[in-house]
Amino acid sequence: LFVQRLTPCGRHGRPIFVQAMRILFCNDSFPGHFEPLAEYLASDSKNEVLFASRYERRSFSIPGVRRVQFRAPRDKAASSDPLVADWSRAVAMGRQAFSSFKQITGAGFAPDLVLYSAGNGVSLFIGRAFPHSCRVAYAESFANAAGEDSRAVSVMVQGISLFQCHRAYAFSSHHRDAFPQILQPAIGIIPLSVDTDFFCRDAASPFFTDIRPKELVSISIKEPSAFASSGLPRVITALLLRRPFCHVLLNCGYGQSSQLLRLFAGLNAEYMTRLHACDFLHRPEYRNMLAASTVHICLQRADSVAMEMLESMSSGSALLAPMPAGERRLLHGINMCEWPATLQGQFEVTCALLDDDARRTAIINAARRTVLEHFCQKDAMPRHARELLD
C-alpha cells in the first residue's frame, strides 16, 4: 500500500525525501505541542498536511496546513461513578472523532502518516480509522489527572492508543517513566527544544504599557492551592516590603488571579501597586512577560527539565528553579540558580540576583548560549522529522 518514498541514501548516507506525503495530525486542540512539527513538515510544498482537532485557535494558522474540526460529543455520562463517567466521555469523544475520520477518508484523503496525541479520547479508534497508515503516538503527561480515578482513565485511554501505533514518543524520561513498566521500553523520547527565534528578548514587545519596573520577579503558578499552602507568599511579601523598586508578577490559569491576590489582602495599597496577577497568557504575551522579567521563578519538579525553564533561559530572564536531577547542561550559578528549600534561602538568592547586575547578566548570556547549543528547535525538529520519515 505504500509507494517507495525514500531513496536508499543521499550524499551523507541519509535517506532523501523525494515524493509527496499525506500527513494527518490528530490532537484535542490545534495546534498544541504539534505546532513546530506541523510547521516543519508543511514547509515542504510536496507534502499535504491536514490537522484534525476538537478545539482550534481561530486567530492562528500554520502555512500549508489545512484544518478539520470535530464536534464535541454531548455529555451523556449519567453514571455516579467518576471513573465510569470519565471513561464514557472518552469513548464518546473517540466515536465522534471516528465519524470525522471516515468523512476524511471518504473525501479521498488517505494519510501515509498519522501523528496523534494518545492522551485523549479522540485517538481511541485511530487504528480502525486508518488501518493502512503508519501511526505515531505522542504520549501525554499524567500530571493534570485529578485523583486516582482520573489517572486510571488516562492510563486506559493512553494504553489503548499506544497499542494501535507503530511508534510512540514521550517528551522526557520522567514523562515516559510515569507509564506502566510494560509500556516503557516501547516509548522513545523526544528531547525538549525551544523556538529560540520566538523566545528571544529582541523579538519581544513591552509587557507593561504604563510602567517599566526596575526589578520584576515573575512566577508561573499552576496550582493556587499548593501556592497558598507553601511559604512563597511570605517570600513575595518580604520582597515587596524590603525592596521599594521590586514588582512581582503572578502568572496563573483562567480566573485564578483574584484568588491569588486575596492571599495578600493584609498589605497596604502602596505595596499592592507593585503586585500584579494575570490569568492565562497567550504565547506572545507569555514570551513578553519572560523577556521583561529580571528574575523568573519556575516551580517545576526537581527530577526533570521543564519547557518553562528553557523558555525563560532563551528569553533573557535569570532563571530560579529546582535543579533537575542528572541534567549536566544546567549549572547553578552559571546559566541558572538553584531554588533553595528554605524560605530564608529563597529570599536571599532572589535578592542576590537582583542586586548583582554583572552576575545576573553573565547568567542570562550563558543561559541563552546553552539553549542555542543544546535545545534549539531548528536543530531538533529536522532530526525528529527525519526519524519519522526513515
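For this chain, numbers begin at 1 and follow the sequence in order.
You'll find the side chain of R360 stays beyond 4.5 Å of the side chain of I363, heavy atoms only. L113 places none of its side-chain heavy atoms less than 4.5 Å from the side chain of R22. Under the 4.5 Å side-chain criterion, counting only non-hydrogen atoms from C-beta, L330 is in contact with P324. Between V217 and L249 the shortest side-chain heavy-atom distance does not fall below 4.5 Å. At least one side-chain heavy atom of L50 sits under 4.5 Å from a side-chain heavy atom of V68.
For H282, the NE2 atom is loosely surrounded, since the number of other residues' heavy atoms within 6.0 Å does not exceed 12. Residue R329 qualifies as enclosed at atom CZ: its count of foreign heavy atoms under 6.0 Å is above 12. Surrounding CD of E270 are more than 12 heavy atoms belonging to other residues, nucleotides or ligands, all under 6.0 Å away.
Each of F109, Y116, F125, F70 was evaluated against F101; a single residue qualifies, F70, per the ring pair (Phe, Tyr, Trp, His ring centres under 6.0 Å) test. Between H247 and the options K214, E215, R274, a side-chain contact (heavy atoms from CB on, under 4.5 Å) holds for only R274.
For the atom pair NE2 (H374) and CD (E327), the distance works out to 8.5 Å, reported to the nearest 0.5 Å.
Listed by chain and residue number, D81, D149, A152, V153, M156 satisfy the side chain to side chain contact (heavy atoms under 4.5 Å, CB included) test with L83 (two or more places apart in sequence, or in another chain). Residues passing the side chain to side chain donor-acceptor pair (under 3.5 Å) test with Y286, sequence neighbours excluded: E311. The side chain to side chain contact (heavy atoms under 4.5 Å, CB included) test applied to H384 returns L37, Y138, Y169, I190, L388, not counting sequence neighbours. Under the salt bridge (charged side-chain N to carboxylate O under 4.0 Å, His left out) criterion, R67 pairs with E56, sequence neighbours left out. Scored by the salt bridge (charged side-chain N to carboxylate O under 4.0 Å, His left out) test, D197 finds K378 as partners (sequence neighbours excluded). Considering only residues two or more places apart in sequence or on other chains, S312 meets the side chain to side chain contact (heavy atoms under 4.5 Å, CB included) condition with L290, H296, S317, L319. With sequence neighbours excluded, the residues forming a side chain to side chain contact (heavy atoms under 4.5 Å, CB included) with A367 are M313, N335, listed by chain and number.
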In a table with atom names and distances, give each donor-acceptor pair under 3.5 Å that connects a side chain of residues 336-352 to protein atoms at least two apart or in another chain.
| residue | atom | partner | partner atom | Å |
| --- | --- | --- | --- | --- |
| T342 | OG1 | G345 | N | 3.0 |
| Q344 | NE2 | E348 | OE2 | 2.7 |
| Q346 | NE2 | P340 | O | 3.1 |
| T350 | OG1 | Q346 | O | 2.8 |

For residues 23-35, tabulate all N or O donor-acceptor pairs below 3.5 Å that involve a side-chain atom, not counting sequence neighbours.
| residue | atom | partner | partner atom | Å |
| --- | --- | --- | --- | --- |
| N27 | OD1 | S117 | OG | 2.6 |
| N27 | ND2 | S29 | O | 2.9 |
| D28 | OD1 | R54 | NE | 2.8 |
| D28 | OD1 | R54 | NH2 | 3.1 |
| H33 | NE2 | S117 | OG | 3.1 |

Please output the side-chain donor-acceptor pairs of residues 228-239 that fall under 3.5 Å, not counting sequence neighbours, one pair per line with the distance.
| residue | atom | partner | partner atom | Å |
| --- | --- | --- | --- | --- |
| S229 | OG | S225 | O | 3.3 |
| S229 | OG | A226 | O | 3.1 |
| S230 | OG | F227 | O | 2.7 |
| S230 | OG | L232 | N | 3.3 |
| T237 | OG1 | P233 | O | 2.8 |

Got a list of side-chain donor-acceptor pairs under 3.5 Å for residues 201-208, not counting sequence neighbours?
| residue | atom | partner | partner atom | Å |
| --- | --- | --- | --- | --- |
| R201 | NE | A291 | O | 3.2 |
| R201 | NH2 | A291 | O | 3.2 |
| R201 | NH2 | G316 | O | 2.2 |

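Cation-pi contact between R66 and F51: absent, since separation from the ring centre below 6.0 Å together with deviation from the ring axis within 45° is not met.
Applying the salt bridge (Lys or Arg N to Asp or Glu O under 4.0 Å) test to pairs two or more places apart or on separate chains, those with a residue in residues 154-176 are R167-E387.
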Carefully, step by step, assess E285 and R287 under the rule salt bridge (charged side-chain N to carboxylate O under 4.0 Å, His left out). CA-CA 5 Å; E285 297 168 321; R287 183 269 317 278; over 6 Å; no

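Under a hydrophobic clustering in which Ile, Leu, Val, Met, Phe, Trp and Tyr are joined whenever their side-chain heavy atoms come within less than 4.5 Å, directly or via other members, V194 and L281 fall into the same cluster.
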